[in-house]
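Worth saying up front: this structure is predicted, and the values here are computed from it rather than measured. Side-chain atoms are counted along with the backbone in the values below, which use heavy atoms only and exclude waters and symmetry mates.
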Amino acid sequence: MTRMVAWIKRFIYNCKKTNHVKLTGEPTALEIHAAEKNLLKLVQRESFTSKEDKRLAALDVYEDEQGLLRLKTKVVFKRDTEDFRCPVILPSDHVVVKRLIRGEHQNVKEIGTPYFDVVDNTRLNKRLKHRQKLIADLRARFRSEYLGLLIQRPQHKKWKSQISIGDIVLIGCDNVKRMDWPLGSDRNHPREGQRQ
């Protein structure tokens with residue numbers, strides 16, 4: 001839209017200057033910048049009555065040398081461009097502002113920022129299926145190989161140890177954790193086959 005205004009301004013200039021050399025070729029950066037300022041001024045004229053407009057009452061607004069309404073921000077003394085330090089005030093609901101924003105979004109898209117809605121779905125789905133299969137395979141291998149080794153018990157019969165007098169033993173109790181079982185000493189333990 002700004003380039004279109006630059007072309008219109010150049011056409012008007014070339015029509016007025018009959019004796020001078022006419023401007024040709026693509027619009028220069030200065031012409032585009034001037035066209036942008038004219039476009040912004042036009043939008044402000046249509047939207048705001050003056051800097052005393054009701055919608056601007058809560059803002060610190062001033063009019064610059066080109067007639068644009070600008071906002072004084074907290075970074076007004078920072079070394080930066082005027083457009084950053086004191087932005088031009090524009091209404092959000094104006095058609096021209098919406099088109100300028102859409103144009104900037106398209107410029108950013110052309111530079112290489114992807115839209116996540118248009119990402120290759122099939123590639124992502126294949127990747128997701130591959131990861132799910134890999135996780136399932138690893139889980140199956142873990143269960144069969146590692147847990148299988150932990151569960152294996154010796155094939156020979158359990159042996160019973162002989163308790164002799166003076167041995168220290170654990171005294172088991174069903175309602176107490178093994179860590180809390182008390183230790184005891186065997187002083188009078190009857191042997192197998194002996195009676196008390």
Side-chain angles (χ1 to χ4, degrees), residues 40 47 53-62 69-196:
L40 297 177
S47 302
D53 192 284
K54 297 189 271 189
R55 294 177 287 174
L56 305 176
L59 302 173
D60 190 9
V61 178
Y62 76 98
L69 297 176
R70 291 185 176 269
L71 176 68
K72 284 187 184 175
T73 61
K74 293 181 180 181
V75 293
V76 75
F77 297 111
K78 185 178 177 188
R79 287 185 184 175
D80 214 323
T81 63
E82 183 184 19
D83 290 332
F84 178 78
R85 290 181 291 123
C86 303
V88 175
I89 298 173
L90 296 172
S92 61
D93 57 347
H94 198 280
V95 177
V96 173
V97 175
K98 288 180 181 178
R99 286 196 179 178
L100 287 172
I101 292 170
R102 190 179 314 128
E104 286 301 315
H105 280 286
Q106 287 174 347
N107 288 343
V108 169
K109 180 183 170 188
E110 290 171 5
I111 291 172
T113 305
Y115 278 100
F116 293 109
D117 297 339
V118 189
V119 173
D120 187 9
N121 288 336
T122 56
R123 190 170 145 252
L124 285 176
N125 287 337
K126 283 181 182 179
R127 185 76 182 143
L128 179 64
K129 285 178 184 177
H130 172 72
R131 288 192 66 198
Q132 288 173 341
K133 184 181 179 307
L134 186 65
I135 290 170
D137 290 348
L138 286 174
R139 186 173 284 135
R141 267 186 81 186
F142 176 78
R143 285 184 179 153
S144 67
E145 294 176 13
Y146 182 69
L147 291 180
L149 290 174
L150 290 179
I151 293 174
Q152 285 182 355
R153 294 187 178 127
Q155 298 297 326
H156 55 82
K157 295 180 179 177
K158 291 184 180 178
W159 53 276
K160 292 184 179 180
S161 63
Q162 297 290 330
I163 298 172
S164 58
I165 296 175
D167 285 349
I168 297 192
V169 294
L170 278 173
I171 302 172
C173 186
D174 290 337
N175 60 354
V176 179
K177 293 182 180 179
R178 287 185 184 180
M179 289 294 294
D180 297 329
W181 284 358
L183 292 176
S185 175
D186 184 21
R187 295 194 180 157
N188 254 345
H189 182 75
R191 306 265 180 234
E192 288 182 28
Q194 292 180 349
R195 293 188 178 197
Q196 288 183 343

### Query
Measuring from I89:CD1 to L40:CG, what's the distance to the nearest 0.5 Å?
12.0 Å
### Message
Can you list everything that forms a salt bridge (charged side-chain N to carboxylate O under 4.0 Å, His left out) with D137? Sequence neighbours excluded, please.
### Response
K133
### Sequence-distant partners of R99, salt bridge (charged side-chain N to carboxylate O under 4.0 Å, His left out), two or more places apart
none
### Message
Going by salt bridge (charged side-chain N to carboxylate O under 4.0 Å, His left out), name the residues that satisfy it together with R131, two or more places apart in sequence or in a different chain.
### Response
none
#### Entry: Interatomic distance, D180 atom CG to C173 atom SG [nearest 0.5 angstrom]
10.5 Å
### Message
Quick check: closest heavy atoms across S92 and K98, and the distance to 0.1 Å?
### Response
O-CE, 3.8 Å
